[in-house]
Amino acid sequence: MIGGLKHYDDSRSRKTHVGLIRSYLNVSQFESEAHKLLRQALVDAALTKDDLADIINVGVETLVKYRYELPAFGTLLREAKEQRTATYRTLFRSVYECLSEADRTKLDALFLVGEDSQTSPWNDIKIDAPKVTQSGLRELLTRYDQLSALAGNQDLLRNIPVVKRQQLSLEGLSLGRRQHGGYGSEKALYRFIDPD
């Protein structure tokens, strides 16, 4: 039986049958035009979604809408990962390149641990609010002033969808100094230009 299937896969009959099935279902083969369409759909989806399953679903819906045959799942997964990564890099780079050298230095300094300290200024900024006492309120006002000084670059984010800004901001809040080291300053910028 298995030998018969292999023979059928290699035969001309299979190609004829596949063509007839495509014609009956009114779908086109997944070729370069469909690939371009899939890529663009995945790029658009990556701007508002982070979960690969959601991004892949948008790609599948687009191919179905335009009557294209679906590629292998591995192709969808690989393309979704590539487009999500490319979208993040583009977002990070576009904002980072608009920062002044002084802002970049300020950003990098947030994650440096001084010799006399065990935590970075970033960890100091994101600690929980103190108790409601006079000294606690003074500390809160000081922290507010620090955050206000860092929030001067929010206009750089106006072209990034709100959903993506919120998601990146939450991700930035959850990362500590060690995790920041692996992402570079471009990703770190979301921690101080989008406090929402």
Side-chain angles (χ1 to χ4, degrees), residues 18 21-99 103-104 107-108 110-111 122-123 125-128 147 150-196:
V18 168
I21 292 169
R22 282 187 190 128
S23 176
Y24 178 76
L25 295 175
N26 192 25
V27 295
S28 301
Q29 187 173 358
F30 184 81
E31 292 183 321
S32 64
E33 284 302 313
H35 203 169
K36 288 178 192 173
L37 182 68
L38 174 64
R39 267 201 185 127
Q40 188 56 52
L42 296 176
V43 166
D44 295 344
L47 280 172
T48 57
K49 300 174 184 340
D50 185 62
D51 188 29
L52 282 173
D54 294 335
I55 296 171
I56 290 170
N57 283 341
V58 170
V60 169
E61 288 170 10
T62 301
L63 291 174
V64 168
K65 177 181 176 182
Y66 288 96
R67 310 293 302 167
Y68 281 108
E69 183 176 64
L70 296 180
F73 181 75
T75 301
L76 292 169
L77 182 61
R78 183 178 61 253
E79 282 296 326
K81 284 180 179 179
E82 285 177 16
Q83 298 314 317
R84 182 178 67 175
T85 300
T87 298
Y88 277 125
R89 283 191 181 132
T90 301
L91 292 175
F92 298 150
R93 193 174 301 115
S94 68
V95 174
Y96 190 71
E97 288 173 354
C98 291
L99 291 172
D103 287 331
R104 290 179 187 180
L107 172 63
D108 289 336
L110 278 176
F111 301 97
W122 174 247
N123 284 332
I125 288 173
K126 68 178 193 166
I127 60 173
D128 292 333
L147 289 171
L150 295 173
N153 295 301
Q154 289 183 326
D155 60 317
L156 299 177
L157 302 176
R158 70 179 161 265
N159 295 326
I160 299 173
V162 173
V163 171
K164 189 56 73 177
R165 285 193 319 224
Q166 290 170 343
Q167 186 254 323
L168 289 169
S169 181
L170 288 173
E171 187 176 324
L173 285 171
S174 70
L175 298 176
R177 187 187 69 79
R178 286 195 183 109
Q179 290 113 336
H180 161 263
Y183 291 107
S185 295
E186 290 176 8
K187 189 168 187 179
L189 69 89
Y190 283 97
R191 297 178 184 152
F192 81 92
I193 56 179
D194 190 17
D196 292 334

Legend entry - Gln83 side, atom CD; Ile56 side, atom CD1 - distance, nearest 0.5 Å: 12.0 Å
Inset, instruction - Report yes if some heavy atom in the side chain of Lys164 is under 4.5 Å from a heavy atom in the side chain of Asp50; otherwise report no. - result: yes
Legend entry - Pair Val95-Ile160, side-chain contact (heavy atoms from CB on, under 4.5 Å): steps then yes or no: CA-CA 10 Å; Val95 174; Ile160 299 173; 3.7 Å; yes
Inset, instruction - Could you grab the distance from atom CG of Leu77 to atom CD1 of Ile55, nearest 0.5 Å is fine? - result: 10.5 Å
Inset, instruction - Taking the side chain as every heavy atom from C-beta outward, state whether Glu97 and Arg104 have any atom pair closer than 4.5 Å. - result: yes
Inset, instruction - Work out which heavy atom in Ala34 is nearest to a heavy atom in Leu63; give both atom names and the distance. - result: O-CD2, 3.8 Å
Inset, instruction - Hey, could you give me the OG/CG distance between Ser94 and Leu156, rounded to the nearest 0.5 Å? - result: 8.5 Å
Legend entry - Residues in side chain to side chain contact (heavy atoms under 4.5 Å, CB included) contact with Val64, at least two apart in sequence or another chain: Val60, Leu70
Inset, instruction - May I have all residue pairs that pass side-chain hydrogen bond (donor to acceptor under 3.5 Å, both in side chains) and include part of residues 56-71, sequence neighbours excluded? - result: Arg22-Glu69
Inset, instruction - Run the numbers on Arg165 and Val162 for side-chain contact (heavy atoms from CB on, under 4.5 Å), then give the verdict. - result: CA-CA 5 Å; Arg165 285 193 319 224; Val162 173; 3.4 Å; yes
Legend entry - Leu42 side chain near Arg39 side chain, heavy-atom distance below 4.5 Å: no
Inset, instruction - Kindly compute the distance separating CD (Gln167) from OG1 (Thr48), expressed to the nearest 0.5 Å. - result: 10.5 Å
Legend entry - Distance (rounded to the nearest 0.5 Å) between Leu37 CG and Glu31 CD: 13.5 Å
Legend entry - Euclidean distance, Leu38 CG relative to Thr75 OG1, rounded to 0.5 Å: 9.0 Å
Legend entry - Minimal non-hydrogen separation, Ala41 against Gly59, with atom names: CB-CA, 4.5 Å
